[in-house]
**Student:** 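Dropping a structure here in structure tokens format, bear with me for questions.
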Amino acid sequence: MSAVRTRFAPSPTGYMHIGGMRTALFNWLWARHNGGQFILRIDDTDQQRNMDAAIGPILRAFRWLGLDWDEGVEVGGPHGPYFQSQRGDLYQAAAARLLEQGLAYRCYSTPEEIAADRAAAEAEKRQYVHVRRSLELTDAQLQQYHEENRPYVVRFLMPRDEAIVIDDLIRGRVEFDPKLISDPVIMRTDQTPLYNFATVIDDSHAEISHVIRAEEHLSNTPIQLRIHEALGHTPPLFAHVPYVAAPGTKEKLSKRKLDKYRNNPQFKRLFERGDEILPKIGLGDSAGLDPVMVEYYERMGYLPDAMVNGLARLGWSLDDKTEIMSRKTIVDNFSLDRVIKSPAGLDPDKLLSYQAHWMGELSDEEKMDACLPYLTAAKFIEDPDDDKTREFIGRLIAAVADRLKVFSDILDYEEFFVADDALQYDEKAFAKRITKPEDAVDLLTKFQPVLETVEPFDAANLETALKSFVEEQDTKIGRIIHALRIAVTGKPAGPGMFDCLELLGRERCVSRITLVLSRV
Ligand code: GLU
């Protein structure tokens with residue numbers, strides 16, 4: 001195969017959609033698998049303002065996932081500029097060539113004429129196809145229109161004789177009836193190009209070998225193929241990737257960041273978790289992050305390797321069983337013929353299972369480095385470089401163990417950072433475990449002095465101490481352990497009880513028991 005060159009060409013929307021990211025990943029994988037190049041260009045128009053805000057999150061998503069590009073925005077390359085808005089000359093020159101060769105024409109049809117043509121087609125129950133009225137104009141009329149400066153668009157003269165066949169690398173052979181395709185507008189009245197035209201020029205100019213993109217563009221492909229041919233290009237190969245469905249549905253995961261997914265049972269949990277966590281790190285409502293966007297996962301502390309694993313499995317498989325795959329395994333094995341033809345449903349639970357695996361591959365030190373920014377942003381700690389702080393966080397992470405599913409989960413352990421009198425109690429658990437049982441207060445009262453004497457104050461010694469205390473009191477460990485946990489952490493569940501005591505240290509444990517005893 002000649003050099004593989006793929007591209008991703010997002011519009012500058014201000015965020016990176018998770019489905020778009022999957023398409024981009026497939027392009028990147030195909031390029032990397034073949035030792036080819038991946039190009040990142042921007043399908044913008046002149047009207048767009050504030051380009052940094054519009055493409056920043058897109059580039060950020062690529063960088064976060066480690067998907068590098070060989071040519072394109074910011075990195076440059078021999079086929080630039082990589083912004084459509086800066087390539088006007090190329091499009092105009094190509095349109096002029098087509099006009100000259102009679103492969104395109106100036107169309108003077110007015111919106112009223114077109115509306116009437118459409119209405120007539122509808123009345124006759126046939127598909128509307130653009131009426132080539134302007135091709136009937138005489139030279140004298142054309143000259144007159146020209147002198148009048150009459151507005152026109154440029155339309156490509158779609159050949160209508162031969163069926164158009166696309167050998168799509170994912171969909172297989174797809175045939176289109178050219179008699180049903182309107183001559184597409186390629187240049188607007190203001191001489192700006194339309195997508196179907198600009199894309200053809202860009203793909204050819206950048207020597208793209210494979211156009212891998214969303215299946216919604218399959219219907220544009222016959223037009224693009226014919227334009228390539230008219231311009232004398234060798235067309236690229238096409239591969240149309242099925243859409244990503246919303247969790248648990250067959251419904252396309254909409255492009256817009258929408259609240260409608262709040263009611264989707266699986267997404268709901270992500271939304272709610274985001275509502276809880278993001279404001280704590282200064283990314284509240286105004287940041288507008290939601291689980292349709294790649295940045296949501298970054299900010300919540302998912303791992304790039306888990307995302308790449310999950311996104312690759314959205315419609316592609318290595319075989320019929322392998323779920324966990326490293327980046328290298330995916331690159332080594334990626335092929336377009338194993339992309340499935342039906343939509344793939346995004347599954348947040350599955351994503352979490354990849355996450356759990358890749359999290360398990362990290363050392364506690366690596367986890368700490370990733371958790372510290374969360375703790376700092378949430379003001380749980382002041383100085384992430386302080387040795388004592390790091391030592392403490394290292395121990396906390398070891399105790400939390402695989403309860404830490406994504407890095408922001410570390411913010412669930414506020415009890416290890418708050419002042420004793422600011423500790424929040426789970427009220428239901430407090431009532432059930434401390435207020436209601438007859439013996440809980442008595443046992444806590446009697447165990448408090450034991451805590452004063454345990455030396456050293458570590459999990460193993462604390463466990464021995466509690467066991468002998470329970471024996472002395474002729475009671476069962478279950479009678480005190482829940483009460484004790486709630487007294488010192490405020491919560492009914494969490495890391496191992498003795499780890500919690502050790503982490504908090506003698507002083508805080510004793511003081512928290514005093515506070516609880518004064519509360520009942
Ligand atoms: N800007 C287009 C889109 O985002 C690119 C389509 C293509 O890949 O040709 O849908």
Side-chain angles (χ1 to χ4, degrees), residues 277 280 301 359-360 362-426 429-430 433-434 443-444 447-470 477-478 480-517:
I277 295 293
K280 288 191 187 170
M359 196 69 141
L362 299 186
S363 66
D364 280 0
E365 186 79 15
E366 288 169 311
K367 289 185 197 170
M368 172 159 70
D369 286 335
C371 285
L372 285 168
Y374 287 94
L375 295 166
T376 314
K379 300 195 164 60
F380 283 15
I381 60 172
E382 268 169 27
D383 179 6
D385 296 321
D386 175 66
D387 286 344
K388 267 177 113 174
T389 303
R390 292 177 69 87
E391 192 263 344
F392 177 72
I393 306 301
R395 290 198 289 134
L396 175 61
I397 286 171
V400 168
D402 54 14
R403 287 174 195 83
L404 190 80
K405 302 250 184 308
V406 300
F407 294 122
S408 63
D409 287 345
I410 198 67
L411 299 183
D412 286 344
Y413 301 94
E414 196 168 359
E415 61 271 25
F416 293 98
F417 301 91
V418 290
D420 298 334
D421 56 4
L423 184 68
Q424 301 280 322
Y425 301 99
D426 176 323
F430 193 100
R433 300 298 192 180
I434 297 181
L443 289 170
L444 283 176
F447 188 61
Q448 194 184 31
V450 178
L451 288 176
E452 300 272 18
T453 61
V454 176
E455 193 61 53
F457 197 85
D458 62 23
N461 272 321
L462 285 157
E463 184 167 0
T464 315
L466 186 74
K467 279 185 179 150
S468 34
F469 170 78
V470 164
I477 202 155
I480 177 167
I481 200 156
H482 304 292
L484 187 55
R485 176 186 284 283
I486 286 153
V488 298
T489 70
K491 293 177 183 166
M497 172 63 217
F498 300 105
D499 289 332
C500 290
L501 295 174
E502 180 186 325
L503 274 165
L504 285 163
R506 189 194 316 277
E507 219 175 292
R508 280 196 283 177
C509 291
V510 169
S511 138
R512 286 180 183 191
I513 292 172
T514 305
L515 280 164
V516 161
L517 294 176

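Owing to the predicted nature of the structure, the values given are computational and were not obtained by experimental measurement. Every heavy atom of this structure was used, including side-chain atoms; hydrogens, water molecules and symmetry mates were not. By convention here, the first residue in the shown sequence is residue 1.
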**Student:** To check you understand the geometry: which heavy-atom pair defines the closest contact between Y374 and S408, and what is its length?
**Tutor:** CE2-CB, 3.7 Å
**Student:** Are L396 and I410 side-chain neighbours, meaning at least one heavy-atom pair lies under 4.5 Å?
**Tutor:** yes
**Student:** The test is side chain to side chain contact (heavy atoms under 4.5 Å, CB included); show your working for F498 and T464 and say whether it passes.
**Tutor:** CA-CA 10 Å; F498 300 105; T464 315; over 6 Å; no
**Student:** Less than 4.0 angstrom from a charged side-chain N to a carboxylate O is my criterion; do R390 and D369 meet it?
**Tutor:** yes
**Student:** From I477 CD1 over to F469 CZ, what is the distance, rounded to the nearest 0.5 angstrom?
**Tutor:** 10.5 Å
**Student:** Between F392 and I381, does the side chain to side chain contact (heavy atoms under 4.5 Å, CB included) criterion hold? Intermediate values first, please.
**Tutor:** CA-CA 11 Å; F392 177 72; I381 60 172; over 6 Å; no
**Student:** Is it true that a side-chain atom of R433 and a backbone atom of I481 form a donor plus acceptor pair closer than 3.5 Å?
**Tutor:** no
**Student:** Anything under 3.5 Å between a donor and an acceptor, one on a side chain of residues 486-493, the other on a protein residue two or more places apart or in another chain? List them.
**Tutor:**
residue, atom, partner, partner atom, Å
T489, OG1, R485, O, 2.7
T489, OG1, K491, N, 3.1
T489, OG1, K491, O, 3.3
K491, NZ, D412, O, 2.4
K491, NZ, E415, OE1, 2.7
K491, NZ, E415, OE2, 3.3

**Student:** Roughly how far, to the nearest 0.5 Å, is the CG atom of L404 from the CE atom of M368?
**Tutor:** 12.5 Å
**Student:** The criterion is ring pair (Phe, Tyr, Trp, His ring centres under 6.0 Å); which residues satisfy it with F457, sequence neighbours excluded?
**Tutor:** none
**Student:** Quick check: are there more than 12 heavy atoms from other residues, nucleotides or ligands sitting under 6.0 Å from CD of E366?
**Tutor:** yes
**Student:** If you define the side chain from C-beta out and look only at heavy atoms, does anything of E502 sit under 4.5 Å from E463?
**Tutor:** no
**Student:** If I take atom CG from residue D364 and atom CD1 from residue I393, how far apart are they, to the nearest 0.5 angstrom?
**Tutor:** 12.5 Å
**Student:** What heavy-atom pair brings L443 and I480 nearest, and what distance separates the two atoms?
**Tutor:** O-CD1, 3.9 Å
**Student:** Donor-acceptor pairs under 3.5 angstrom involving side-chain atoms of residues 447-454: please list them, not counting sequence neighbours.
**Tutor:**
residue, atom, partner, partner atom, Å
Q448, NE2, V510, O, 2.8
Q448, NE2, T514, OG1, 2.7
T453, OG1, V450, O, 2.8

**Student:** So does E507 have more than 12 non-hydrogen atoms from other groups sitting under 6.0 Å from CD?
**Tutor:** no
**Student:** Could you pull out all residues at least two apart from F380 that satisfy ring pair (Phe, Tyr, Trp, His ring centres under 6.0 Å)?
**Tutor:** F417
**Student:** Measure the spacing between NZ of K280 and NZ of K379 and express it to the nearest 0.5 Å.
**Tutor:** 13.5 Å
**Student:** For R403, which residues count as a side-chain contact (heavy atoms from CB on, under 4.5 Å) partner, sequence neighbours excluded?
**Tutor:** V400, Y413, P495
**Student:** For P456, which residues count as a side-chain contact (heavy atoms from CB on, under 4.5 Å) partner, sequence neighbours excluded?
**Tutor:** D458, N461
**Student:** For S511 and D420, which heavy atoms make the closest approach, and how far apart are they?
**Tutor:** OG-OD2, 2.7 Å
**Student:** From L362 CG over to F407 CZ, what is the distance, rounded to the nearest 0.5 angstrom?
**Tutor:** 5.0 Å
**Student:** Enter the distance from L466:CG to L484:CG here, rounded to the nearest 0.5 Å.
**Tutor:** 6.5 Å
**Student:** Minimum heavy-atom separation for R512 to L504, with atom names?
**Tutor:** NH1-CD2, 3.5 Å
**Student:** Looking at side-chain heavy atoms only, is the closest gap between L444 and L517 below 4.5 Å?
**Tutor:** yes
